[in-house]
Enquirer: 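Input: one structure, supplied below.
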Amino acid sequence: MPADYTPATIADVRRLRDALEQEGKKLVFTNGCFDLLHAGHVRYLEQARALGDAMVVALNSDQSVRVLKGPDRPLNHQNDRAEVLAALRAVDAVVVFDDERATTLIESIRPHVYAKGGDYTVDSLNREERIALENAGTEIRILPLVPGRSTTSTINKMLGGNDTCTGSLRIAVLGSGEGSNLRAIIAALQSGALNAEIALTLSDQADSNFLKIARASGLPAQFVDGGSNPRRLSDAAQKEIFEHLERARVDVVVLAGFMRILKEPVISAYAGRIVNVHPSLLPNHKGANAPQLSIDAGDRETGCTVHLVTAEIDAGRILAQAKVAVLPGDTAETLHARIKIEEHKLLPQVLNEWRERGLPVRGAVTS
Ligand code: GRF
């Protein structure tokens, strides 16, 4: 039987780096656990490799994976993970490291480019790692996430076969209007880009397209009479919505064009678990008619924001944003239509990350 694969040493990688530099070429460095390799990893690594002329992957040792991911991981031994990674076209060398952070490796390898997956921003990188990168003169590049693919979701599928067995994210979607975001969430569920379950849809508009889409898709759909004020919900309606959410055992409440203001008891009971999608780059243009406000302000760029909902309108923590250019001659309608195209990608992506990793931590802007 052939012997176990032997990963590269730091000295090997430094030689590689120095040889590249002599030829005016660049070494790319990235790091991670790479436990069960999937297409998301492969695409990420291909993109990272394209930033330079060779790439080294720093692989978390078994001991550090246990610290980062819990006692049941990794599934594969470090030398096996290294062997699989090293067989990829994009990977030139693999080193195994024992710390949770790659700081010491960065200091000794001094790579030309450091690549990291898109759930980070430059600001959210670990402070010590960032300082080490700055001291080494390393260029930092954040690459977009490949949605819907992760080791965790693969493991969940293998364990349960279906999501209810593995505690999938149970979503409630609340809307008042057209329902295009609801449609986008349904499409993401159907394509497998989002691994979750819509446990409830709810609207304050009995004849809304939102409810028609929900019913046509066979989803549990509720109308709640909010009362006479179009922006407010009566106390009875606030309570009724809370009861629907509780009965449906909802994990996350998604406001997708829900035009009335949610208050107690929902706001406290679901604190940190309510998200809203808003058609501007918050904190700019809070409230209604954001696309028109953006045109009136002469903005050259606007976009959409997915953020946590708090008692203060459009002011909760920003989870993700996407930019959209304001074009000459744009009306509120044409601009809003282009913003929605971005919303339809961003919202399912945030929900999927939530399911896989818990509450998203980025304030990243994608364009
Ligand atoms: C979206 O633009 C969202 O940002 C805003 O309301 C709109 C809802 O659109 N909060 P739809 O009903 O999902 O088509």
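Here the structure is a predicted model, which means the values were calculated and not measured. Remember, it's 1-based here, ligands and their atoms both numbered in the order they're listed. Numbers here are sequence positions counted from 1.
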Enquirer: May I ask whether G175 places a heavy atom under 4.0 Å from ligand 1?
Expert: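 Checking ligand 1 against G175, which is what was asked, there is no heavy-atom contact under 4.0 Å.
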
Enquirer: Does R15 pair with D12 as a salt bridge, N-O distance under 4.0 Å?
Expert: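 Salt bridge flag = yes for D12 with R15.
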
Enquirer: Relative to atom 12 (O) of ligand 1, which among A184, S176, G179 owns the nearest non-hydrogen atom?
Expert: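 Among A184, S176, G179, the closest heavy atom to atom 12 (O) of ligand 1 comes from G179.
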
Enquirer: Working to the nearest 0.5 angstrom, can you tell me the gap between L262 CG and R232 CZ?
Expert: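 Separation between the atoms: 12.5 Å.
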
Enquirer: For atom 9 (O) of ligand 1, state which one of K340, H336, R183 supplies the nearest heavy atom.
Expert: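 Shortest heavy-atom distance from atom 9 (O) of ligand 1: K340.
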
Enquirer: For atom 1 (C) of ligand 1, tell me which residue out of H344, E343, M259 has the closest non-hydrogen atom.
Expert: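 Heavy atom nearest to atom 1 (C) of ligand 1 belongs to E343.
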
Enquirer: Which is it for H278 and ligand 1 at heavy atoms under 4.0 Å: side chain, backbone, both or neither?
Expert: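 The answer is the backbone of H278.
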
Enquirer: Non-hydrogen atoms of C304 versus ligand 1: any pair closer than 4.0 Å?
Expert: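 No, that is not the case, since the closest heavy atom of the residue is not under 4.0 Å from the ligand.
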
Enquirer: Would you call E46-R89 a salt bridge at under 4.0 Å N-O?
Expert: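 Between R89 and E46 there is a salt bridge, with a charged N closer than 4.0 Å to a carboxylate O.
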
Enquirer: Give the C-alpha distance, both sets of side-chain angles, the deciding distance and a yes or no for side-chain hydrogen bond (donor to acceptor under 3.5 Å, both in side chains) between N284 and S280.
Expert: CA-CA 7 Å; N284 297 335; S280 78; over 6 Å; no

Enquirer: Around atom 14 (O) of ligand 1, find the nearest protein heavy atom and jot down its residue, atom name and distance.
Expert: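 Of the protein heavy atoms, S180 OG, 2.5 Å lies nearest.
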
Enquirer: If the test is side-chain contact (heavy atoms from CB on, under 4.5 Å), which one of V57, V96, V65 qualifies with R81?
Expert: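 Exactly one pass, corresponding to V65.
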
Enquirer: So which protein heavy atom does atom 5 (C) of ligand 1 come closest to, and at what separation?
Expert: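 Heavy-atom neighbour on the protein nearest atom 5 (C) of ligand 1: V277 O, 3.7 Å.
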
Enquirer: Classify the ring geometry between H307 and H278 as parallel (under 30°), tilted (30 to 60°) or perpendicular (over 60°).
Expert: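 Aromatic pair H307/H278 classed perpendicular.
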
Enquirer: Atom 6 (O) of ligand 1: which protein heavy atom is closest, and how many Å away?
Expert: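 Minimum-distance protein heavy atom for atom 6 (O) of ligand 1 reads G257 CA, 3.3 Å.
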
Enquirer: Salt bridge or not for K25 and E21, using N-O below 4.0 Å?
Expert: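 Salt bridge flag = no for E21 with K25.
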
Enquirer: So, regarding G177 and ligand 1 (criterion: nitrogen or oxygen to nitrogen or oxygen, under 3.5 Å), is there a contact or not?
Expert: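 Among all N and O atoms of G177, none is under 3.5 Å from an N or O of ligand 1.
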
